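Working notes for the structure below.
On a predicted model such as this, the values are computed, not experimentally measured, just so you know. Each chain gets a letter, A, B and so on, in the order its sequence line appears, and its residues count up from 1.
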2 protein chains.
Amino acid sequence: MHNHNHHNDALYKDIAARLMAAGQRFTTNRRTIVDALCGGDRPLSIPEILKATSLAQSSLYRNLTVLEAAGVVTRVITTDEWGRFELSEELTGHHHHLVCSQCGAVTDVTIPDDVETDLDVALAKLATRAGFELSHHRLDLVGLCSSCQ
Amino acid sequence: MHNHNHHNDALYKDIAARLMAAGQRFTTNRRTIVDALCGGDRPLSIPEILKATSLAQSSLYRNLTVLEAAGVVTRVITTDEWGRFELSEELTGHHHHLVCSQCGAVTDVTIPDDVETDLDVALAKLATRAGFELSHHRLDLVGLCSSCQ
DNA sequence: ATGAGTGCAAAGGCTTTGCATTAGG
DNA sequence: CCTAATGCAAAGCCTTTGCACTCAT
């Protein structure tokens with residue numbers, strides 16, 4: 001899904017632009033976080049990012065807040081109590097998650113375009129009827145991952 | 001969605017059965033929590049439940065854990081940091097949520113049966129292909145509620 | 001009587017904040 | 001130079017736990 005190599009200039013430019021638009025710099029630490037999130041095909045928890053990067057806790061928290069506000073990073077919901085983070089869908093493309101209800105592991109997946117389209121149409125109608133200004137949807141598959149079955 | 005009156009015997013019986021199956025009693029406090037969650041058509045946060053019930057914090061937390069384990073209550077994820085709780089879908093029926101990305105408010109909605117069915121079929125295929133044992137799905141509409149637009 | 005449930009207060013753990021220092025423009 | 005960013009440590013806040021008491025069986 002978002003398996004870029006570590007010198008993806010297009011991605012970096014996009015991120016830098018988003019940060020600048022938010023009045024923020026693309027600092028070394030922020031680049032480090034982005035690289036860590038690019039590394040796998042799944043969202044990472046804060047302990048995982050800390051282990052992978054050796055950033056100061058406070059810097060990680062502060063930068064995740066900035067990156068989230070700038071639309072670079074998204075917080076992912078699981079079944080356990082751990083917040084997990086991934087690059088925003090605007091950078092990596094729309095996708096969904098397989099969430100293991102036992103171990104909390106999360107994996108990225110995409111669903112067929114036609115289903116996605118039908119869903120979008122239905123949700124748009126629904127939102128309009130409810131007086132809700134729809135921005136996007138979240139669709140997660142909850143169950144047991146192969147290791148937990 | 002789950003706007004039962006406060007003496008819905010069928011619901012109480014169902015809940016009592018689920019609790020008994022989990023080796024738990026249907027105590028006064030648990031009934032109080034269930035009543036609070038029945039009250040509205042939206043999930044409630046812990047502060048909201050506390051305000052509505054005047055339970056001891058520790059009792060609320062402990063009982064929510066029990067009720068969740070017994071399949072009576074479900075934890076709902078929003079965009080803000082607040083955990084919210086509602087009666088389980090097995091009691092109230094399958095539904096989805098309108099989540100306001102600004103104020104965090106959550107409202108229940110249902111989508112048309114045919115869309116839901118198509119979605120189920122697609123997700124089942126997807127899960128199988130990924131070696132994932134699908135239990136259920138979560139679909140949330142994220143955007144701005146009428147008050148925040 | 002006996003184990004579950006309750007409430008208060010203390011402990012725990014993740015997250016945020018204060019402040020002095022460092023780095024980037 | 002000057003402001004944003006960083007790192008360490010302290011403070012905060014939600015959640016969990018310990019313990020004695022109460023309730024229901």
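With hydrogens and angles left out, the side-chain atoms of B:His97 and B:Glu86 include a donor and acceptor closer than 3.5 Å.
The structure places CG of A:Asn63 at 9.0 Å from OG1 of A:Thr32, a figure rounded to the nearest 0.5 Å. Taken from CG in A:Leu37 to CG in A:Leu64, the straight-line distance is 7.0 Å, to the nearest 0.5 Å.
In terms of heavy atoms, B:Gln57 sits closest to B:Leu50 at CG-CD1, 3.6 Å. The shortest non-hydrogen separation linking B:Ala122 to A:Val115 is CB-CG2, 3.6 Å. Listed here is the closest heavy atom pair of A:Leu144 and B:Phe132: O-CD1, 3.5 Å.
In this model, the phosphate group of C:dA23 is not approached by any side-chain N or O of A:Asn29 to a distance below 4.0 Å at OP1 or OP2. Note on A:Thr27: every side-chain N or O is 4.0 Å or more away from OP1 and OP2 of D:dA4.
End-to-end axis angle of the helix from C:dA1-D:dT25 to C:dG25-D:dC1, from C1' rotation axes over five pairs per end: 30° (rounded to 10 degrees).
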Steps toward salt bridge (charged side-chain N to carboxylate O under 4.0 Å, His left out) verdict (B:Arg138, B:Glu89): CA-CA 11 Å; B:Arg138 295 187 301 212; B:Glu89 292 199 328; over 6 Å; no

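If you measure from atom CD of B:Glu68 to atom C1' of D:dT16, you get 15 Å, rounded to the nearest angstrom. One interatomic measurement links the two molecules: CE of A:Met20 to P of C:dG24, which rounds to 16 Å at whole-angstrom precision. A:Phe26 has its CZ atom 12 Å from the P atom of C:dG25, to the nearest Å. Residue A:Leu55 contributes atom CG, which lies 14 Å from atom C1' of D:dC8 at whole-angstrom precision. Rounded to an integer number of Å, the gap from A:Leu64 CG to D:dA5 P is 14 Å. The CD1 atom of A:Ile33 sits 8 Å away from the P atom of D:dT6 (whole-angstrom rounding). Atom CG in B:Leu50 sits about 13 Å away from atom P in D:dT16, given to the nearest Å. Remark: P of D:dA5 and CG of A:Leu67 are 11 Å apart, rounded to the nearest angstrom.
Few gaps surround CG on B:Asp114; more than 12 heavy atoms of other groups in view lie less than 6.0 Å from it.
With respect to A:Asp14 and A:Arg18, a salt bridge is recorded, a charged nitrogen being found less than 4.0 Å from a carboxylate O.
Distance alone, capped at 3.5 Å, is enough to place a donor-acceptor pair between the A:Glu48 side chain and the A:Ser45 backbone.
In this structure, B:His94 has its ring center under 6.0 Å from that of B:His137.
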Sugar-phosphate atoms are those with a prime plus P, OP1 and OP2; base atoms are the rest. Using that split, label each nucleotide of nucleotides 9-22 of chain C B, S or - for protein heavy atoms under 4.0 Å, 5' to 3'. B----SBBBB----

Every protein N/O within reach of nucleotides 1-4 of chain C N/O, cut-off under 3.5 Å:
| residue | atom | partner | partner atom | Å |
| --- | --- | --- | --- | --- |
| C:dA4 | O4' | B:Arg25 | NH2 | 3.3 |

